[in-house]
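Data block below; observations after.
Chain letters run A, B, ... following the sequence lines, proteins first and then strands; every chain starts at 1. None of these values were measured; they are calculated from a predicted model.
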Amino acid sequence: MNLIYGGYMIRDKGCGEIRESDIGLPLTLCGWVFRRRDHGGLIFVDLRDRSGILQVVFSPDVSGDAHELAHDLRSEYVVSVSGEIRKRPDGTENPNIPTGMVEMYVNKLEVLNESAPLPFGIEDAADASEALRLKHRYLDLRRPEMQKNLIIRHTVTKVIRDYFDEKGFLEIETPVLTKSTPEGARDYLVPSRLNLGCFYALPQSPQLLKQILMVSGFEKYFQIVKCFRDEDLRADRQPEFTQVDLEMSFADREDVIEVIEGMMKRLFKEVLSVKLETPFERLSFHETMERFGTDKPDLRFGLELKDMVDLSEKGSFKVFLDAIQSGGRVKAINGKGMAGLSRKEIDLLTEEAESFGAKGLAWIKVKNGFESPIAKFFPKEILRQMVPRLDAEEGDLMLFVADKEKVVHNVLSRLRLELGKRLNLIGSGYKFVWITDFPLLEWNDEEVRFEAMHHPFTSPVDEDIEKLLSVDTSNSELFTVHRSLFTDIKAKAYDIVLNGYEIGGGSIRIYRRELQKKMFELLRISEEEARMKFGFLLDALEYGAPPHGGIALGLDRLVMIMVGATSIRDVIAFPKTQKAFCLLSGTPSAVEPRQLKELYIKTDVPIE
RNA sequence: GGGGUGGUAGUUCAGCCCGGUUAGAACGCUGGCCUGUCAAGCCAGAGGUCGCGGGUUCAAGUCCCGUCCACCCCGCCA
C-alpha cells in the first residue's frame, strides 16, 4: 500500500463537526478508520477523530481509484479524505450520531499510516481486561469515552484556574524535590548526588510551603499540583495524584467554605450544566458518626444508624449487655423489605460484617411478629419499641452490631453502603456535605501519644485555645487521667464530601509560635525534632505570620464523580496498577549499577 | 501484611464441582461474494505454552501445593 509522507497537513474541520450546513462543500478531513462496511460496490467507513465520527462513502461512481484503495483499509488506519459533503438519501440517516444526517463522498483517499491488527477493538475496549487496556493505553485512550473523560478533566482545570484568577488567587509553583515530612503517609524518596546520603522527598502535599507563602504576603495562593504518597492503592487512590490546593490569609472557615462552594457551583454549571444549591449541607463530625458511622457519608440515601443501647439494656442478650458493660455501643440499621432473606443469605451478610471487623451480626425479622434467634432475650414490648425507632415495618430486617464504638460505626457504615447498593436506594445526582468540628487530637494506643487528626498545624477552635495554652505538658497525668479533656477539643478543620467520597479537606492553621510549640508538646514531638523537620516554618511564624487557612481538593476523585467513573484510573491518562506498576512503560525498573554507584546506594533486598 | 474474585484462541468467555477421543462459542483476523450499510450480510479458512512451577494419577485445562499478574476490599492512607 502506498503511504503518503507529505502534503496532508490540511484539515478543514473535525469529523464530528460536520452538519447539514456543510452540504455541498468540498472538504478534506483526517482521522482513524473506526469501522469499515465493505459492500463490494459501496464502501462505508466511519472516520473518527477527536471531535467525533463521520460516515464517508467510497463509490466507484465518484472515484474508481479511491474506491479501489478503500478495499484495503483496515481498523485504525490513518487516512486523509477529500470529497463533497452530501445529505444522506432518505431513509438512510443515522439519528444516533450528531453527523447522522450527512456523509462525505470521497474522491481522494490518502493512507497516512497503516495499523497492525489490534489487541482489542477500540469500540468495545471497555470489555477488555483493564490490564490489557493499561498495557496498550494509547489504544485505550482513543476510545471516545476516555477522550471525553480527559477533555472534561481539561475543562475542569481550566474553569478552576479562571475562577481563582478572578477571585484574586495567584498560582505559584512549589518544588517537587522537597523535604521529607514525618507525620502522615510514607514518602517517596529521591537520592541526592550532590549531597550524598541525603534524600529529597516528593511532596505529600505542598502544606508547609503554602503556609510559608502566606507568611510571605501573597494572601491568596492556589495550585493544581501533583502529590505523592507511598501507600497501598485503591480504586480512588493512586501513588501520584492531583490536588487543587489553596491557602488564604486573613480568612476563617467560612471564607474557605464560601470560596469552594462558589468554585463547585461554577464548575458543575459550566462543565455539566448542573445547578448546585448552595450553601451545601453541613454535619458535625459527631453527628455524621452517630447517624452514618463514617466521616464521609453518602447522603443520597437514608438507612441511618440508630442507637439501641437503652433498649438493649432492657433485654438479656449477653453479647449486647457485655458490649455496653465494657463501654461499647449497640446500634442498628433497617434492611428495608429484607425479611425474606434466607438463613444462608443472612449468613453471607454476617460474613461480610465480620470481614469489616464485627464479631457477629444480630438480626430480627419483622415478620409475623418477630423472627430471630435473639428475640427470646427481649420482652415483647421492647421488641415493639425497636420497630418505630428504625422506621421499620412488616417485612423488614433489623440488623444489630454490638462492639466498641469504633467497630460498630465502621461495620454499620459499610453495611449501610452495601444495603444501599443492594436495595437500589442510591439515587443519582450530587450530594455535597461539609464535615466540621473534627476533634483536634486522636489518641494512639500503640504509640501511647496523641496524634493530630488532620495535621499538626491545624488550629483548635477559638474557645479551646486558652485551655490548650494553659496546659502543663510536663505533667504526664494529663495523657492518662485527663485524656478526655483533650479529645473533646475541636479543630478548625473541615472536609468536603461528595456522594460518599472525601474530595477535600482543610483547616485554619496555627499562626502563632507559642500555640504551635504547645501543639508539638502535646503530640510529644520534641523541640529538637520539630526544629529539624519543620524549623523553617517555626522560624517563619516568628516574623509576622498572618492568620491563614486553606483546603486541598482531590482533583482525580472530583473528575471521576463528574464523569461517572468508578475508578480514578479512568480519568488519569497513564495510571498505575494496584502494585504501583505502569504496565505501559514498565515503571518502576532496575537502574544501571553505575547510577547506584554514583549515589553510593546499595540495595539489600531480602531473598525469600 | 491479610481476605476475596479472576487468569483457557488476538479479545470476551464456556469447559473445571464429577480427571478420560481431536479443548469449544462469539467477536476479531485472513480470503472470496456483495451498490445503502451504520455491531452490515453470506461463504470459506487460519488461529491454543489452558499464567508459571511442582505434585497426585495409567491419564490433569479439570484434583492438590506453591508462585506470578490484574481487580475489589481490610490494614495503611487525608
P spacing across the pair B:rG41 / B:rG51, given as an integer number of angstrom
32 Å
Could you let me know what B:rC71 is paired to, Watson-Crick or G-U wobble, both distances under 3.5 Å, or none if it's on its own?
B:rG4
Side chain of A:Met453 - closest among B:rA70, B:rA78, B:rU35:
B:rA78
So what does A:Glu130 hit on the nucleic acid, given a heavy-atom distance under 4.0 Å: a base, only sugar-phosphate, or nothing?
sugar-phosphate
Can you measure A:Arg234 atom CZ to B:rC73 atom P for me and round it to whole angstrom units?
6 Å
Do we see a donor-acceptor contact under 3.5 Å between the side chains of A:His409 and A:Lys331?
yes
Would you call A:Asp570 and A:Val563 a side-chain contact if the rule is heavy atoms closer than 4.5 Å?
no
A:Phe228 CZ to B:rA78 C1', in whole Å, measures 17 Å
Do you know the tightest heavy-atom contact between A:Gln238 and A:Arg569?
NE2-CG, 3.6 Å
Is there a side-chain polar atom (N or O) of A:Gln204 under 4.0 Å from OP1 or OP2 of B:rA78?
yes
What's the gap between B:rU5 and B:rG47 when it is taken at their P atoms, as a whole Å value?
36 Å
Aromatic ring pairing A:Phe520/A:Phe534, orientation class (parallel under 30°, perpendicular over 60°, tilted between)
parallel
Closest to the A:Arg414 side chain: B:rG75, B:rC71, B:rU35?
B:rG75
What is the separation between atom CD1 on A:Ile503 and atom P on B:rC77, rounded to the nearest whole Å?
22 Å
Separation between the C1' atoms of B:rU30 and B:rU35, rounded to whole Å:
24 Å
Pairwise P distance for B:rC13 and B:rC72, with rounding to whole Å:
15 Å
Closest of B:rG31, B:rG75, B:rU12 to the A:Arg74 side chain is B:rG31
Where the side chain of A:Arg229 is concerned, which of B:rC77, B:rG75, B:rC73 is the nearest nucleotide?
B:rC77
What do you reckon, is CG of A:Asp347 surrounded by more than 12 foreign heavy atoms closer than 6.0 Å?
yes
Any side chain to side chain donor-acceptor pair (under 3.5 Å) involving residues 43-54 of chain A? Give me the pairs, sequence neighbours left out, ordered by first then second residue.
A:Arg11-A:Asp49, A:Arg37-A:Asp46, A:Arg48-A:Glu76, A:Asp49-A:Ser51
Pair assignment for B:rC16, Watson-Crick or G-U wobble, requiring both distances under 3.5 Å:
none
For nucleotides 37-47 of chain B, give me every protein contact, N/O to N/O, under 3.5 Å, one pair per line with atom names.
| unit_1 | atom_1 | unit_2 | atom_2 | d |
| --- | --- | --- | --- | --- |
| B:rU37 | O4' | A:His39 | NE2 | 3.4 |
| B:rU37 | O2' | A:Arg37 | NE | 3.4 |
| B:rU37 | O2 | A:Arg37 | NE | 2.6 |
| B:rU37 | O2 | A:Arg37 | NH2 | 3.2 |
| B:rU37 | O2 | A:Gln55 | OE1 | 3.3 |
| B:rU37 | N3 | A:Gln55 | OE1 | 2.8 |
| B:rU37 | N3 | A:Gln55 | NE2 | 2.9 |
| B:rU37 | O4 | A:Gln55 | NE2 | 2.7 |
| B:rU37 | O4 | A:Arg88 | NH1 | 3.3 |
| B:rU37 | O4 | A:Thr92 | O | 3.4 |
| B:rC38 | O4' | A:Arg37 | NE | 3.0 |
| B:rC38 | O2 | A:Gln55 | OE1 | 3.4 |
| B:rC38 | O2 | A:Asn94 | ND2 | 3.2 |
| B:rC38 | N3 | A:Arg88 | NH1 | 2.7 |
| B:rC38 | N4 | A:Arg88 | NH1 | 3.4 |
| B:rC38 | N4 | A:Thr92 | O | 2.2 |
| B:rA40 | OP2 | A:Arg35 | NE | 3.4 |
| B:rA40 | OP2 | A:Arg37 | NH1 | 3.3 |
| B:rA40 | N6 | A:Asp38 | O | 2.8 |

Quick one: on RNA chain B, does A:Thr566 or A:Gln243 contact a more 5' nucleotide (nearest heavy atom)?
A:Thr566
Quick one: is the NZ or CZ of A:Arg509 closer than 6.0 Å to the six-membered ring centre of A:Phe457, and within 45° of its axis?
no
Within this structure, what is the CD1-to-P distance between A:Ile568 and B:rC77, rounded to whole angstrom?
18 Å
Just checking A:Asp230: base, sugar-phosphate only, or nothing, at a heavy-atom cut-off of under 4.0 Å?
nothing
For nucleotides B:rA9 and B:rC18, find the distance between their C1' atoms and express it as a whole number of Å.
27 Å
For atom CZ of A:Arg133 and atom P of B:rU11, their distance in whole Å
15 Å
So, is A:Arg569 near the phosphate of B:rC72, with a side-chain N or O under 4.0 Å from OP1 or OP2?
yes
Span that lies between the C1' atom of B:rC17 and that of B:rC58, in whole angstrom
23 Å
Could you state the CG-P distance from A:Asp127 to B:rG28, rounded to the nearest angstrom?
13 Å
Does B:rA44 have a Watson-Crick or wobble partner in any strand here, with both distances under 3.5 angstrom, and which is it?
B:rU30
Taking the P atom of each, how far is B:rG7 from B:rA46, in whole Å?
28 Å
Protein-nucleotide distance (A:Leu139, atom CG; B:rU11, atom C1'), rounded to Å:
13 Å
A side-chain contact here means heavy atoms from C-beta on lying under 4.5 Å apart; do A:Lys296 and A:Ile435 qualify?
no
A:Asp72 CG - B:rU30 P separation (whole Å):
10 Å
Donor-acceptor side-chain pairing of A:Gln223 and A:Thr174 below 3.5 angstrom
yes
Verify the distance criterion only: is there a donor paired with an acceptor across the side chains of A:Asp245 and A:Tyr221 at less than 3.5 Å?
yes
Just call it for A:His454: base, sugar-phosphate, or nothing, with non-hydrogen atoms closer than 4.0 Å on any strand.
base
Checking base pairs now: Watson-Crick or wobble, both atom distances under 3.5 Å. What partners B:rC77?
none
Check each of A:Tyr494, A:Tyr430, A:Phe432 against A:Phe280 using the ring-ring contact (aromatic ring centres under 6.0 Å, His included) test, and report the only one that passes.
A:Phe432
Residue matched to B:rC52 through Watson-Crick or wobble contacts both under 3.5 angstrom:
B:rG66
Among B:rG75, B:rG31, B:rC71, which is the nearest nucleotide to the side chain of A:Arg237?
B:rG75
Under 3.5 Å, which protein N or O atoms sit close to an N or O of nucleotides 2-10 of chain B? Give each pair with its distance.
| unit_1 | atom_1 | unit_2 | atom_2 | d |
| --- | --- | --- | --- | --- |
| B:rG10 | O2' | A:Pro119 | O | 3.1 |

Say you pick atom P in B:rA26 and the same atom in B:rC42; how far apart are they, in whole Å?
11 Å
So does A:Lys579 get a side-chain nitrogen or oxygen closer than 4.0 Å to the phosphate oxygens (OP1/OP2) of B:rC69?
yes
If you count every heavy atom of other residues, nucleotides or ligands that lies below 6.0 Å from A:His71 atom NE2, does the total exceed 12?
yes
